[in-house]
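Atom set for the values below is all heavy atoms of this structure, side chains included, hydrogens, waters and symmetry mates excluded. Here is the naming used below: chain letters follow the sequence lines, and residue numbers restart at 1 for every chain. Since the model is a prediction, treat every value here as computed from it, not as a measurement.
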There are 2 protein chains.
Amino acid sequence: MKCPYCINDDTKVVDSRQVEAQIRRRRECEKCGKRFTTFERVELAEIYILKKNGSRQPFNSEKLRTSIRKACEKRPISLTQIEEMVDQIEAKLRNEDSIEIKSSKVGNLVMQKLRKLDPVAYIRFASVYKDFGDLGCFEETIDKLKRSGPNGRKQHISD
Amino acid sequence: MKCPYCINDDTKVVDSRQVEAQIRRRRECEKCGKRFTTFERVELAEIYILKKNGSRQPFNSEKLRTSIRKACEKRPISLTQIEEMVDQIEAKLRNEDSIEIKSSKVGNLVMQKLRKLDPVAYIRFASVYKDFGDLGCFEETIDKLKRSGPNGRKQHISD
DNA sequence: CTTAGAAACACAAGATATTGTGTTTTATCG
DNA sequence: CGATAAAACACAATATCTTGTGTTTCTAAG
């Protein structure tokens, strides 16, 4: 790795840590002695999201994270759990055959995850994602949650 | 490094090459066997360029490269040589005490480099950078080049 | 449809990085 | 300005990566 201060080619690693999905290395130039930080990151073909209105935009995990975070505000869900969801969802998308994915697929994956984790967050997300028009939609969803399988039964609907 | 396909933490390096200022690694997940590419890059505090009009913008080596390339069009200067110039100039900037640098400093560094390399490119760059108003400016510059030290004398002014 | 260049694949010997643990020094938040 | 978290620093034992060389595929350009 080239030293950015003197363009010398030989630098050695002084420290190396895994930080989230990256490896941060602290390097030292063998020639000028200066130190600097590098990051190793995955570089994959971009995934594209196909929106309902026909538009196509590059998938951005940050947007996904933000929308999940919003749904989970004040709920007993840690940032770590949100990270896990984001990672798992992105991994699912990566395993698709096509690099073009319908936004509804992403939405459904989020719902799937939230449903198992927290009913309130689930309803919040659904209300935005499914574009609830009236209170009836909430009631319907709550009913479904109550009647639903193992995951649903374990939960309490309250706030 | 996390596998982007299955989120497993253990992946091993299968190949690793230096490409320009980066290290490209090919990794393989020990769990799912999938392969993917990563890049290690330097991450330093941004340098800011102070323009004459008082504006301040992040230094962008790509812009520098472009303007040098333009000055060197059709001249006997290889892309490698241009890369070297860019690298050397950026390194000089990195070694400044402040991370805020006057655009004139960058301009002068470019001139310094081009002067030693090719008089035509030098004059082209100067004419834009120094904002030559008339032919007299060109003549003056040519005169200076002719009369100047060792580097000047070695060159021929022609096109 | 040929080709040049990049990216990927392979392998082995030698060199270098990783990781745990712990301390210290910045930054950032309130 | 005090508290925390993140980044930087250190060190040693172990595990992994790097680099040369060469081939193969893939893609973009002609």
Side-chain angles (χ1 to χ4, degrees), chain A residues 1-48 58 62 65-66 69 73-74 77-84 86-87 94-95 97-100, chain B residues 1-48 58 62 65 69 73-74 77-84 94-100:
Chain A
M1 175 67 70
K2 258 191 210 162
C3 167
Y5 296 103
C6 74
I7 327 181
N8 177 43
D9 241 349
D10 296 314
T11 61
K12 66 180 181 196
V13 175
V14 167
D15 194 12
S16 127
R17 302 288 143 174
Q18 182 147 169
V19 181
E20 283 152 47
Q22 307 155 75
I23 297 176
R24 184 184 75 231
R25 295 191 178 82
R26 190 82 187 137
R27 288 184 172 266
E28 183 172 308
C29 174
E30 320 238 89
K31 195 171 153 210
C32 74
K34 286 223 171 64
R35 289 184 167 193
F36 57 96
T37 302
T38 67
F39 280 89
E40 181 180 349
R41 285 183 253 265
V42 175
E43 192 123 324
L44 287 171
E46 281 206 282
I47 292 174
Y48 291 91
E62 197 45 42
R65 199 176 340 264
T66 306
R69 228 183 250 151
E73 235 164 55
K74 308 256 174 89
I77 298 176
S78 67
L79 291 177
T80 313
Q81 282 176 301
I82 295 180
E83 266 323 295
E84 277 169 7
V86 172
D87 286 350
R94 292 263 164 234
N95 281 295
D97 292 325
S98 166
I99 58 163
E100 303 206 323
Chain B
M1 174 69 69
K2 259 190 208 163
C3 167
Y5 296 102
C6 74
I7 327 181
N8 177 42
D9 241 348
D10 296 314
T11 61
K12 66 181 180 194
V13 175
V14 167
D15 193 12
S16 127
R17 304 287 143 173
Q18 182 145 169
V19 181
E20 283 153 48
Q22 307 154 80
I23 297 176
R24 184 185 74 232
R25 296 190 179 81
R26 191 83 186 136
R27 289 182 172 267
E28 182 173 309
C29 175
E30 321 238 88
K31 194 173 155 208
C32 72
K34 285 226 171 64
R35 290 184 167 194
F36 58 96
T37 302
T38 66
F39 280 90
E40 182 181 348
R41 284 182 253 266
V42 175
E43 192 124 326
L44 288 171
E46 281 207 283
I47 292 174
Y48 291 93
E62 197 44 43
R65 201 178 338 268
R69 228 183 249 153
E73 235 164 53
K74 308 257 175 89
I77 298 175
S78 67
L79 290 177
T80 313
Q81 282 176 301
I82 294 179
E83 268 320 297
E84 279 170 7
R94 290 264 164 233
N95 280 295
E96 292 289 318
D97 292 324
S98 168
I99 58 162
E100 302 205 322

- prompt: In whole angstrom, what separates B:R17's CZ from D:dG22's C1'?
  reply: 10 Å
message: Under 4.0 Å from OP1 or OP2 of D:dA7: is there any side-chain N or O of A:T37 that close?
response: no
- request: Find which nucleotide of DNA chain D each of A:D10 and A:D15 is nearest to by heavy atoms, and output the residue with the more 5' nucleotide.
  value: A:D15
message: Is any side-chain heavy atom of A:R25 closer than 4.5 Å to one of B:E40?
response: yes
field: Under 3.5 Å donor-acceptor pair, B:R27 side-chain atoms to D:dT16 base atoms
entry: no
- line: Separation of C:dT16 atom C1' from A:E40 atom CD, nearest Å, is 15 Å
- prompt: Tell me: CD of A:E30 to P of C:dA15, nearest whole Å?
  reply: 13 Å
message: Treating B:N95 as the side-chain partner and A:Y5 as the backbone partner, does any N or O pair qualify as donor plus acceptor under 3.5 Å?
response: yes
- prompt: If you check the B:K12 side chain, which of C:dG20, D:dG20, D:dC17 turns out closest?
  reply: D:dC17
task: Could you please name the option among C:dT18, C:dA17, D:dC17 that lies closest to any side-chain atom of B:V13?
output: D:dC17
- prompt: Once you round it to whole Å, what is the distance between P of C:dA6 and CZ of B:F39?
  reply: 12 Å
- prompt: How long is the line joining CZ of B:F36 and C1' of C:dA7, in whole Å?
  reply: 16 Å
message: Can you measure A:M1 atom CE to D:dC17 atom P for me and round it to whole angstrom units?
response: 16 Å
message: For a quick test of reading the model: is some side-chain N or O of B:R35 closer than 4.0 Å to OP1 or OP2 of C:dC9?
response: yes
task: Could you tell me the separation between the CE atom of B:M1 and the SG atom of B:C29, rounded to the nearest 0.5 Å?
output: 12.5 Å
statement: Between CD of A:E43 and C1' of C:dA8 the distance, given in whole Å, is 15 Å
message: Is it true that, when you exclude A:E62 itself, more than 12 heavy atoms of the residues, nucleotides or ligands shown sit nearer than 6.0 Å to its CD?
response: yes
For atom CD of B:Q18 and atom C1' of D:dC17, their distance in whole Å: 14 Å
field: B:R24 vs C:dA7: side-chain N/O to OP1/OP2 distance below 4.0 Å
entry: yes
- prompt: D:dC17 phosphate, OP1 or OP2: any side-chain N/O from B:R25 under 4.0 angstrom?
  reply: no
task: Would you mind checking if A:E83 and A:R65 are paired as a salt bridge, meaning a charged N to carboxylate O distance below 4.0 Å?
output: yes
field: B:R26 vs C:dC9: side-chain N/O to OP1/OP2 distance below 4.0 Å
entry: yes
